[in-house]
Number of protein chains: 2
Amino acid sequence: MAAQNKGPGGKQPTINDVAALAGVSKKTVSRVINRSEFLTDKTRAAVEKAIEQLGFVPNPQARALAFRRNFLIALLHDNPNAQTVLNFQRGVLDAIKDSDLALLVRPVDRGSDKMLEDVRTFLEKQRPIGAMLLPPISENDDLAALCEDLGVRYVRIGSARIDDAKHCISSNDREVVAEAVRGLLAFGHRRIGFVRGPVGFRSAAEREEGFREALAQAGLELAAELYAPGNYRYTAGIEAGEALLSLSAPPTAVFCSNDEMAAGLMSVAHSKGIKVPGELSIIGFDDSPTATHIWPALSTVRWPIREMGIRAAQTLVPDFLGPGAKAAGDESNVLASTFVERQSVAAPPGR
Amino acid sequence: MAAQNKGPGGKQPTINDVAALAGVSKKTVSRVINRSEFLTDKTRAAVEKAIEQLGFVPNPQARALAFRRNFLIALLHDNPNAQTVLNFQRGVLDAIKDSDLALLVRPVDRGSDKMLEDVRTFLEKQRPIGAMLLPPISENDDLAALCEDLGVRYVRIGSARIDDAKHCISSNDREVVAEAVRGLLAFGHRRIGFVRGPVGFRSAAEREEGFREALAQAGLELAAELYAPGNYRYTAGIEAGEALLSLSAPPTAVFCSNDEMAAGLMSVAHSKGIKVPGELSIIGFDDSPTATHIWPALSTVRWPIREMGIRAAQTLVPDFLGPGAKAAGDESNVLASTFVERQSVAAPPGR
DNA sequence: TTGTAAGCGTTATCAC
DNA sequence: GTGATAACGCTTACAA
């Protein structure tokens with residue numbers, strides 16, 4: 001724990017106080033702070049001792065000013081779901097823990113027509129080194145262009161490659177969804193419903209493609225009546241459930257493009273007295289807290305979101321993170337999601 | 001939208017550029033930025049025009065340095081649940097939107113024995129004006145003392161008054177829980193189970209007191225067998241459910257100290273074929289996303305968490321938020337939680 | 001390897 | 001009301 005001394009005058013000690021105490025120039029102290037190589041072990045030790053003794057902590061604002069750059073990175077999100085944001089954030093913080101960086105979190109309202117302007121104001125004011133864009137706003141090309149324009153680095157997180165590897169961390173949604181659906185097929189399901197995410201979302205499109213891919217491989221096609229639109233909200237799951245489950249020939253399994261809609265669909269099944277998974281198998285996507293809180297627990301797809309946070313930081317500011325940062329594995333920046341089996345999937349009735 | 005000019009040299013325009021363009025001294029520009037009263041409307045207008053024209057944005061680091069204070073406030077949390085953190089954060093951002101403040105978010109690990117040291121390092125490095133502590137870490141007195149010690153303002157969020165009104169935003173957990181339980185009693189429930197939160201959490205104690213209070217008012221007492229320990233986790237709800245629902249005389253209703261445990265308990269009810277709410281009423285606490293995602297939707301208690309975020313910011317930095325900040329209502333800083341009725345409560349069997 | 005001087009973009013002081 | 005000048009705490013030249 002740092003010493004409690006406040007330096008002369010009872011204030012925070014400054015680099016000058018350290019320099020005076022150590023009997024060196026402030027530049028030498030600065031060198032120690034910034035880990036310059038050209039220093040005698042002896043002077044370094046003397047300075048470090050003085051720093052310790054005074055409890056000196058460099059003023060980040062002063063450093064930022066002198067460096068003509070601050071040490072902030074920003075996380076921009078539109079609250080896709082709270083757990084995702086927080087897990088990602090945790091990953092970022094893991095990555096920057098031993099650096100001088102600090103994290104600014106900024107919710108943005110993608111519905112607002114002032115969104116771009118708001119972000120611009122934010123970036124101009126804070127001037128972070130870089131920004132990390134979480135889906136769905138990561139899919140907004142204008143936002144990326146804005147960052148570019150302002151000289152703010154950026155990384156976009158997505159369900160698929162939506163930018164080059166330097167600017168994009170992505171998962172393999174399509175493949176994993178296909179895998180999940182193949183599991184359903186292996187169980188013997190043939191009438192499989194699909195609840196889609198919102199129009200215009202890349203993630204929604206990816207998941208649909210994965211779904212259709214798996215079906216096609218099995219020589220099947222998605223019947224129009226088994227297709228339900230949606231918007232990633234619980235109520236959309238309800239509506240989809242009401243449509244799908246009152247069909248004269250209802251599906252024996254449904255893939256929902258996220259957990260929340262899966263929960264909605266499941267509640268409809270419950271109210272109709274349809275047994276899950278006995279009479280209806282359900283798969284979700286996200287592995288949100290909801291997935292384990294509903295009954296039966298939902299089979300779903302898990303994004304390696306914390307890992308993506310780490311990777312995003314490493315991609316955004318490798319030069320601030322020390323040597324370990326680049327040795328982080330696959331340079332393509334595609335991280336694998338995994339299918340999580342729980343209790344909401346079983347063989348269809350009569351198999 | 002701000003102009004795109006980068007000033008002379010292609011860089012960000014500075015106060016000097018503005019001064020030159022407006023034909024005034026930089027100090028005058030500074031006065032305009034800081035809304036000094038002593039200015040001719042004419043000069044002010046001239047400066048504002050120059051600012052607009054150059055797209056000038058004051059450098060916050062330089063301001064921070066000159067002011068000897070930065071414009072950061074920090075949100076410290078231990079991820080009680082993601083939605084809470086994000087909603088609170090949103091409230092804070094609502095409150096500081098038109099100010100110069102920025103928000104730093106910092107997860108802390110209350111389990112770690114280095115927790116205090118970590119927070120100290122963070123506060124010393126960033127030197128925020130103030131810190132907002134979310135439960136459960138808000139209950140840690142050492143943390144508050146640390147802030148005090150470092151000259152960092154603080155506000156603690158809690159389920160009950162855990163500090164004086166200047167340092168505490170609280171809700172009335174006890175009362176609302178009592179109200180919810182009175183509702184159960186009015187339905188005719190007499191055997192009401194209780195699932196507690198973790199030992200050492202003030203919120204858990206408050207909720208228990210509210211529960212017992214309502215029972216006592218009705219001349220009832222909590223039977224030992226109807227009391228289940230817990231820790232706010234889903235699995236604790238499972239365990240409580242297994243204990244409570246296999247009693248020879250099981251409860252007809254259970255109050256769970258949070259939604260997550262309520263979800264666990266509900267899943268046990270489902271697996272045992274116990275109908276909710278027909279045979280078992282359940283009440284949770286938090287109004288988390290889970291509450292609406294499970295089936296049947298959970299009656300629960302909602303914290304005015306976003307409002308608390310607003311209030312917390314207003315209490316922490318009223319001097320940075322303009323005149324509206326203090327007119328925010330009840331000076332005691334106690335905000336009311338509300339009981340949210342959904343589908344998990346009904347009359348006990350046979351009534 | 002270390003020190004000196006100048007400057008980063010802003011505000012405070014104190015004259016005018 | 002407004003402006004010169006000196007801070008603020010640090011880094012980057014460049015010199016020694």
Side-chain angles (χ1 to χ4, degrees), chain A residues 6-48 50-51 54-72 100 124-127 320, chain B residues 6-48 50-51 54-72 100 124-127 320:
Chain A
K6 302 282 170 162
K11 328 191 63 157
Q12 267 313 96
T14 76
I15 199 172
N16 290 309
D17 302 324
V18 176
L21 181 61
V24 299
S25 78
K26 64 202 271 195
K27 178 61 217 184
T28 300
V29 178
S30 168
R31 289 199 174 92
V32 172
I33 297 171
N34 293 293
R35 303 192 180 77
S36 159
E37 306 170 28
F38 312 103
L39 280 175
T40 331
D41 284 350
K42 201 177 119 196
T43 39
R44 184 192 308 278
V47 171
E48 273 167 355
I51 288 177
L54 292 171
F56 167 71
V57 180
N59 178 322
Q61 275 72 35
R63 298 188 72 200
L65 185 57
F67 271 127
R68 255 143 298 191
R69 105 173 320 156
N70 59 35
F71 295 87
L72 264 22
D100 291 326
E124 282 182 335
K125 200 147 105 183
Q126 301 301 335
R127 296 247 144 237
F320 289 80
Chain B
K6 302 280 172 167
K11 324 192 64 156
Q12 271 306 104
T14 76
I15 199 172
N16 290 308
D17 303 322
V18 176
L21 181 61
V24 298
S25 78
K26 62 205 274 196
K27 179 63 213 182
T28 298
V29 178
S30 168
R31 288 197 176 93
V32 173
I33 297 170
N34 294 290
R35 302 191 179 79
S36 161
E37 305 169 31
F38 311 103
L39 281 174
T40 329
D41 285 350
K42 201 178 120 198
T43 39
R44 185 192 308 279
V47 171
E48 273 166 355
I51 288 178
L54 292 171
F56 167 71
V57 180
N59 178 321
Q61 276 72 36
R63 300 223 308 153
L65 184 57
F67 271 127
R68 253 143 301 186
R69 103 172 324 151
N70 58 34
F71 295 86
L72 264 21
D100 291 327
E124 282 182 334
K125 200 147 104 184
Q126 302 299 335
R127 295 247 145 238
F320 289 80

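- Between the side chains of B/R63 and B/N34, at least one donor N or O sits under 3.5 Å from an acceptor N or O.
- In this structure, B/S36 reaches neither bases nor backbone, as no heavy-atom distance under 4.0 Å exists between it and the strands shown.
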- [ ] Evaluate side chain to side chain contact (heavy atoms under 4.5 Å, CB included) for B/I15 paired with B/I33, printing each intermediate quantity in order.
- [x] CA-CA 10 Å; B/I15 199 172; B/I33 297 170; 4.2 Å; yes

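- The phosphate of D/dT2 (OP1 or OP2) has a side-chain N or O of B/T40 nearer than 4.0 angstrom.
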- [ ] Could you encode protein contacts along nucleotides 5-16 of chain D as a string, one character per nucleotide from 5' to 3', using B for base contact, S for sugar-phosphate-only contact and - for no contact, with a heavy-atom cut-off of under 4.0 Å?
- [x] ---BBBBB----

I'd like a table of donor-acceptor pairs (distance under 3.5 Å, sequence neighbours excluded) in which one partner is a side-chain atom from residues 20-27 of chain A, with atom names and distances.
residue: A/S25; atom: OG; partner: A/K27; partner atom: N; Å: 3.3
residue: A/S25; atom: OG; partner: A/T28; partner atom: N; Å: 3.3
residue: A/S25; atom: OG; partner: A/T28; partner atom: OG1; Å: 3.3

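- Tested against B/Q12, the residues A/R68, A/R127, A/E124 include a single side chain to side chain contact (heavy atoms under 4.5 Å, CB included) partner, A/R127.
- Using a 4.0 Å cut-off, some side-chain N or O of A/T28 falls inside it from OP1 or OP2 of C/dG3.
- Without hydrogens or angle criteria, A/T40 side chain to A/K42 main chain gives no donor-acceptor distance under 3.5 Å.
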